[in-house]
Amino acid sequence: MTQQTVASFFRPAVDAVPNYKPGKQPAVAPGMTAYKLSSNEHYLPPLPAVVKALTKPMTPSSYPDPAASALTAELAMYLGVGSEHITVGAGGSEMLSALAHVTLEAGCEVVYPSPSFELYEQVTALTGAVQRPIPLTPDYRHDLPAMAEAITDHTRLVLLCSPNNPTGPAITAHEFESFMAAVPPNVLVALDEAYWEFMTNPDAVNGLDMVNNYPNLVLIRTFSKAHGLAGFRIGYAVGQPEIISAIGKAQIPFGVTQPSQNAAIASLHHIDQVLERARAIAVARDKFVTALRAQGWQVPEAQANFVWLPLGELSTEFENACVAQALAVRNLGHGVRISIGEPAAMQRILEVTAKFITRHSTICTKP
Ligand SMILES: *Cc1c(COP(=O)(O)O)cnc(C)c1O
């Protein structure tokens with residue numbers, strides 16, 4: 001069978017879609033504990049209450065609650081919005097995918113930052129829409145004026161990521177409001193806040209403060225990062241009921257299993273512990289950034305549970321140096337993203353970075 005025959009099944013857009021590349025597992029090195037710092041996962045064990053929730057009796061032969069009503073009600077209480085403003089799905093990823101499907105098609109346009117979360121390119125490419133990736137500023141922030149400028153009569157969707165994965169900076173409330181003032185009401189803005197719990201910059205935008213002010217704003221959040229439930233696949237969107245209802249049409253029914261719903265509810269019941277752990281990770285992150293800068297590294301503002309090293313063409317050499325020390329990091333070709341893990345992992349990374357910068361001082365310390 002030739003390539004051509006196979007390709008003919010598919011919409012032309014499919015050819016343009018990149019495959020998602022997940023973070024690698026660490027290499028095994030004898031006598032060394034391996035650490036995975038490549039997927040921004042939580043490194044602590046689950047909360048005891050979450051473990052307990054998983055022992056609840058369940059009925060594997062029955063579908064889960066399709067509306068995740070109990071979890072939605074908990075979220076509504078926690079967020080201080082009505083249930084009709086929330087939809088729950090299989091991770092923030094499902095929210096992004098559903099949003100792309102209900103807004104985009106061939107002939108229209110989507111604006112998003114670049115580099116940012118790889119899934120933006122994938123889910124929007126699949127719709128056949130024209131993609132307008134807007135380069136970040138030299139300090140690795142969203143170039144919001146350029147993004148506003150890129151909006152045309154054909155634009156339906158803008159994706160924002162705060163803090164930005166993989167580079168780290170958060171959008172400020174002031175930047176966000178100026179941007180929204182320039183966005184026409186018929187363009188939907190999705191603010192992806194997958195890492196909002198780790199933010200410590202007091203100027204950073206909190207989508208919840210904004211969502212009632214803009215009928216064309218939708219927030220995307222997840223239990224994968226600060227809640228440490230990546231393996232359970234739970235995320236949600238917050239916005240006006242019309243947006244929520246439209247997203248629901250593009251979601252897979254029964255996408256969140258009952259054990260996942262139970263785990264998320266238990267986690268929300270212990271939100272104080274979740275946020276305390278997030279703050280501890282933010283403290284470790286700031287310490288790590290300070291240590292890197294003391295070594296001479298140029299590190300952008302880090303507001304999530306990871307740090308970005310803009311290594312350019314040295315990215316693979318750096319990744320290999322980490323692999324040799326049983327550390328998995330995320331090499332994105334133009335830089336390397338390192339998730340905050342246990343103290344021993346961060347210590348070992350700092351040994352790698354110290355050696356690496358002595359070998360490449362002129363390149364890594366460029367302003
Ligand atoms: C991890 C992540 C998500 C959501 O991931 P899920 O596991 O699907 O909830 C969304 N956006 C960004 C930027 C992320 O890094």
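Whatever order the structure lists ligands and atoms in, that order sets their numbers, starting from 1.
- Figure legend: cation-pi geometry between R337 and F306, with NZ or CZ positioned under 6.0 Å from the six-membered ring centre and within 45° of its axis.
- Checked for salt-bridge contact, R141 and E175 meet the test: a charged N lies under 4.0 Å from a carboxylate O.
- Not one N or O of N40 is nearer than 3.5 Å to an N or O of ligand 1, by distance alone.
- With respect to atom 8 (O) of ligand 1, the closest heavy atom belonging to the protein is S93 OG, 2.5 Å.
- Closest to atom 13 (C) of ligand 1, if we only count protein heavy atoms, is D192 OD2, 3.4 Å.
- With a 6.0 Å radius and a threshold of 12 heavy atoms from other residues, nucleotides or ligands, D139 has its CG atom above the threshold.
- When ring centroids are compared, F117 and Y120 come within the 6.0 Å threshold.
- L44 contributes atom CG, which lies 8.0 Å from atom CD of E342 (distance to the nearest 0.5 angstrom).
- Looking from atom 2 (C) of ligand 1 to the surrounding protein, the closest heavy atom is K225 NZ, 2.5 Å.
- E94 does not count as a contact of ligand 1, since none of its heavy atoms falls under 4.0 Å from the ligand.
- Salt-bridge formation is detected for the pair R330/E118: a Lys NZ or Arg NE/NH1/NH2 atom is positioned less than 4.0 Å from an Asp or Glu carboxylate oxygen.
- Residue-environment remark: CG (L275) exceeds the threshold of 12 foreign heavy atoms within 6.0 Å.
- Counting atoms of ligand 1 from 1 in the listed order, those under 4.0 Å from a heavy atom of T222 are 6 (P), 9 (O).
- Closest protein heavy atom to atom 15 (O) of ligand 1: Y195 OH, 2.6 Å.
- Close N/O approach between L96 and ligand 1 is not found [any backbone or side-chain N/O within under 3.5 Å].
- The ligand atoms of ligand 1 that sit less than 4.0 angstrom from a heavy atom of G91 are 6 (P), 8 (O), 9 (O).
- Counting heavy atoms under 4.0 Å from ligand 1, residue A194 touches it through the side chain alone.
- Those atoms of ligand 1 with a heavy atom of S224 less than 4.0 angstrom away are 6 (P), 7 (O), 9 (O).
- The contact set between ligand 1 and C161, taken as ligand atoms under 4.0 Å from a residue heavy atom, comprises 13 (C).
- At a threshold of 4.0 Å, the pair K24-E319 counts as salt-bridged, since one of the basic side-chain nitrogens sits closer than that to a carboxylate oxygen.
- We find that E317 and R359 are joined by a salt bridge, their nearest charged nitrogen and carboxylate oxygen being less than 4.0 Å apart.
- The distance from ligand 1 to the heavy atoms of R233 drops below 4.0 Å at these ligand atoms: 6 (P), 7 (O), 8 (O).
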